[in-house]
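For ligands, and for the atoms within them, numbers begin at 1 and follow the listed sequence. None of these values were measured; they are calculated from a predicted model.
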Amino acid sequence: MSGKDYSWLNVLLVDDSVSILNYVSEVLNKVYDITSIFTASSAVEATQIIRKTNNINLVFLDLNMPNVDGIQLLEQISQLKYKGYLVIMSGVSIRIISSVELLAKKYQLNYIGTLLKPMHESDFHPIFQKIGLNKTHYSAAESLKNYEIIRAIKNDDIEVLYQPQVELITRTFVGVEALCRMKHPRLGTVSPDQFIDKAEESDLIVHITMAVFKKSMHNWRKWHQMGLHIKLSVNASPIALEQPEFADVILHLLQEFSMPADMLCIEVTESVLADNPIQELVNLNRLHMKGVEIALDDFGKENSTVERLQKLPLNYLKLDKSYFIDHKETIGQLSLINTSLSLASKLNIKTVAEGVENSEVMKLVTEIGCDFAQGYYIARPISAKEIIPWAKQWNSQT
Ligand code: C2E
Ligand code: MG
Ligand code: MG
């Protein structure tokens, strides 16, 4: 087995040889645990599948196909705005392949490697190593249309999953982050990457944000009644924080669900600090004064500046998962991470490491002094019902 989880990949294999299609499918399934595999034996079929499924995020493409050659197909795929990973399969010479690689880059395709025919199982390994380093390429699909988002809000198709967070030193289960999903009639479960940005272009994001607060606080009360006392973190879009009534609505919900203010944490992103922040700051400060906690999310993702930390009433700094997803990457960025950690500690801000995917990283973040961790190594986002069983199992392990 490969260690990392690749089961979230939706793969498209394009080759006119059935034996290659079968061989690659088998490796992907047996070695990498991938079950969502589409195959196409022509360019027409391939483009249809990408268009129709809308969620392909890894394509294996044969360069030598009858009728359309692989180069033309590269161009067509880029015109479909395919944003997922691309692997080239070919029996042609290395020289041709390197010029194809250049082309793939020119078309802004996320090329991650070539499989030379005849291929062997071990050839897949370096390619899969490159997957998962950059979350922005995960969801290949284009964002949803406004009407699809409106329909989901109206039909109550916004669902919330919860990802556990643990304290590193004691390994105690301390809280969950609420993460939304959308149920889509054709696409099934859609990840927030495919609709949050679009929703943020209009007021739709306010509806989504408030729906997530309400649902997750409702679940918090259920857990509480069942004897589980954990914190709840909810992501708030800057557009929602800009609404003059935001703080009042949250305070009202706290009352409705008899939730102590310090059990709620609002995750905000840096953009709150970048744009016109007056209304956001008013809302956040009002809530903070009542005891609601504030976390700065995705710290380190884009040009984050440390001075900005002082402008917000912060309790937590969430170090972006790009630091931690790969162990080597983490080692490489240790000095940067340490600077953030020591500044946070001076400002009395606790730190959360996001994207902890394996035991090495878990150990490392403990050693460098992060306070809390969240990531697939601990748990994936799970449904509200699964939280109590998960907590029991976690406690029995630690
Ligand atoms: P975020 O707030 O930084 O959430 C963490 C994301 O990292 C989640 O993705 C989570 O599933 C993922 N993640 C957690 N552990 C690991 C790991 O070990 N490895 C990897 N590779 N990923 C990990 P998700 O649920 O797809 O959410 C993506 C983003 O969408 C969130 O990033 C947040 O910015 C936004 N979002 C999610 N739910 C909401 C919401 O209710 N409201 C708003 N406004 N934004 C939301
Ligand atoms: Mg978050
Ligand atoms: Mg984050």
Less than 4.0 Å is my threshold; does some heavy atom of E200 fall inside it relative to ligand 1?
no

To atom 15 (N) of ligand 1, the nearest of K321, Q374, Q163 on a heavy-atom basis is Q163

- Does even one non-hydrogen atom of E177 get within less than 4.0 Å of ligand 1? yes

Nearest heavy atom to atom 16 (C) of ligand 1, choosing from Y376, F213, Y377, F324, belongs to Y376

Per residue D297, nearest N, O or S atom to the Mg ion (ligand 3) is named OD1

Among the N/O/S atoms of E267, the Mg ion (ligand 2) lies closest to OE1

Q) Under 3.5 Å, N or O to N or O, is D193 touching ligand 1 that way? A) no

_With respect to the Mg ion (ligand 3), please indicate if D320 possesses an N, O or S atom at a distance under 2.8 Å._
no

For D297, the atoms of ligand 1 under 4.0 Å from one of its heavy atoms are 1 (P), 2 (O), 3 (O)

Heteroatom test (N, O or S) for S233 near the Mg ion (ligand 2), limit 2.8 Å: no

Quick check on the Mg ion (ligand 3): does E354 put an N/O/S atom closer than 2.8 Å to it? yes

Closest to the Mg ion (ligand 2), among the N/O/S atoms of E177, is atom OE2

